[in-house]
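Encoded as structure tokens, the structure appears first; notes follow it.
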Amino acid sequence: MEDPVSGWVFPDEAHRRAAHPGFFGVFLDAALRDGWVDVMDDLSAAALWIPVQAGGAGDGAADAAAATEADGDDELSEQLAMADPGNDRARIVAELTEAAHPGDRAHYYLPTIVAAPGRRSEGRGRALLTTVLDRCDAEGMPAYLEASSARSKGLYERLGFAFTGTPIDLPDGGPRMWPMWREPRG
């Protein structure tokens with residue numbers, strides 16, 4: 001709810017509270033269909049992961065960040081539009097993140113990680129990420145994400161992610177996002 005990108009997509013807080021469940025349900029459905037969801041034992045935090053094959057397409061369906069334009073499939077954009085009809089900002093974020101998303105190598109993609117209100121800054125995100133990054137290292141699999149705040153960018157850098165060099169600047173005074181890639185550690 002307090003993420004800068006969410007605030008830009010849904011500038012009215014009351015509308016954000018009403019639309020967020022449907023909006024993030026699109027990402028949750030994609031992770032459950034094509035990847036996995038890691039949660040803390042007490043359900044205070046969750047991370048959504050999607051394997052992406054070389055060429056940009058997720059396992060058999062649209063990658064959660066990308067509408068897989070290479071196949072002509074705009075399923076994600078349609079689902080986001082249904083989650084909040086008339087909100088072009090969700091479509092804009094999907095298009096800009098798709099353009100930035102590397103597609104030349106298979107990798108694990110983290111479209112979102114969340115902590116319950118009042119439970120941030122307690123190491124939950126680090127714990128959820130460390131488990132998957134250990135898996136990435138064991139499998140020789142890179143990981144990719146878009147940091148949505150300078151604070152999260154710092155955490156991801158401490159975990160071995162590197163900024164890809166070209167930020168995503170949302171229009172109309174929107175926040176900056178940082179595409180980040182992590183090579184597996186050997």
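Note that the coordinates shown come from a computational prediction; the quantities given were computed from them, not determined experimentally.
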Relative to each other, are the rings of Trp49 and Tyr108 parallel, tilted or perpendicular (30° and 60° limits)?
perpendicular
Hey, could you give me the [atom1]/[atom2] distance between [X] and [Y], rounded to the nearest 0.5 Å?
{"X": "Glu13", "Y": "Glu2", "atom1": "CD", "atom2": "CD", "answer": "8.5 Å"}
{"X": "His15", "Y": "His20", "atom1": "NE2", "atom2": "NE2", "answer": "9.5 Å"}
{"X": "Ser148", "Y": "Trp178", "atom1": "OG", "atom2": "CH2", "answer": "8.5 Å"}
{"X": "Tyr144", "Y": "Cys136", "atom1": "OH", "atom2": "SG", "answer": "15.0 Å"}
{"X": "Glu157", "Y": "Phe163", "atom1": "CD", "atom2": "CZ", "answer": "9.5 Å"}
{"X": "Ser152", "Y": "Asp3", "atom1": "OG", "atom2": "CG", "answer": "7.5 Å"}

Could you check if a side-chain atom of [X] sits within less than 4.5 angstrom of a side-chain atom of [Y], using non-hydrogen atoms only?
{"X": "Pro184", "Y": "Glu139", "result": "no"}
{"X": "Phe161", "Y": "Leu133", "result": "yes"}
{"X": "Ile168", "Y": "Pro179", "result": "yes"}
{"X": "Phe24", "Y": "Leu48", "result": "no"}

Derivation of the side-chain contact (heavy atoms from CB on, under 4.5 Å) call for Phe10 and Phe23
CA-CA 10 Å; Phe10 307 104; Phe23 181 76; 3.6 Å; yes
Start with the C-alpha gap between Leu110 and Leu129, add the side-chain angles, then the distance that decides, and say whether side-chain contact (heavy atoms from CB on, under 4.5 Å) holds.
CA-CA 9 Å; Leu110 177 74; Leu129 290 169; 3.6 Å; yes
Any sub-3.5 Å donor-acceptor pair from [X]'s side-chain atoms to [Y]'s backbone N or O?
{"X": "Arg135", "Y": "Thr131", "value": "no"}
{"X": "Arg182", "Y": "Ala143", "value": "no"}
{"X": "Asn87", "Y": "Val9", "value": "yes"}
{"X": "Asp137", "Y": "Arg185", "value": "yes"}

Hydrophobic clustering (ILVMFWY, side-chain heavy atoms < 4.5 Å, transitive) - are [Y] and [X] grouped together?
{"X": "Leu155", "Y": "Met177", "value": "no"}
{"X": "Trp36", "Y": "Val39", "value": "no"}
{"X": "Phe27", "Y": "Val114", "value": "no"}
{"X": "Ile113", "Y": "Leu43", "value": "no"}
{"X": "Met141", "Y": "Tyr109", "value": "no"}

Which atom of [X] lies closest to which atom of [Y], heavy atoms considered:
{"X": "Pro4", "Y": "Pro175", "answer": "O-CG, 3.5 Å"}
{"X": "Pro167", "Y": "Gly165", "answer": "CD-O, 3.9 Å"}
{"X": "Pro11", "Y": "Arg16", "answer": "O-NH2, 3.6 Å"}
{"X": "Pro51", "Y": "Gly35", "answer": "CD-CA, 3.5 Å"}

Arg89/Asp172 under side-chain contact (heavy atoms from CB on, under 4.5 Å): CA gap, chis, key distance, verdict
CA-CA 10 Å; Arg89 289 182 172 196; Asp172 301 325; 4.1 Å; yes
Of all residues at least two apart in sequence or in a different chain, which pass the ring-ring contact (aromatic ring centres under 6.0 Å, His included) check with Trp181?
His107
Who pairs with Asp41 by side chain to side chain contact (heavy atoms under 4.5 Å, CB included), at least two apart in sequence or on another chain?
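By the side chain to side chain contact (heavy atoms under 4.5 Å, CB included) rule, Asp41 matches no residue at all.
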List for me each residue that meets side chain to side chain contact (heavy atoms under 4.5 Å, CB included) alongside Pro171, sequence neighbours excluded, and say none if there are none.
Trp8, Ile92, Leu96
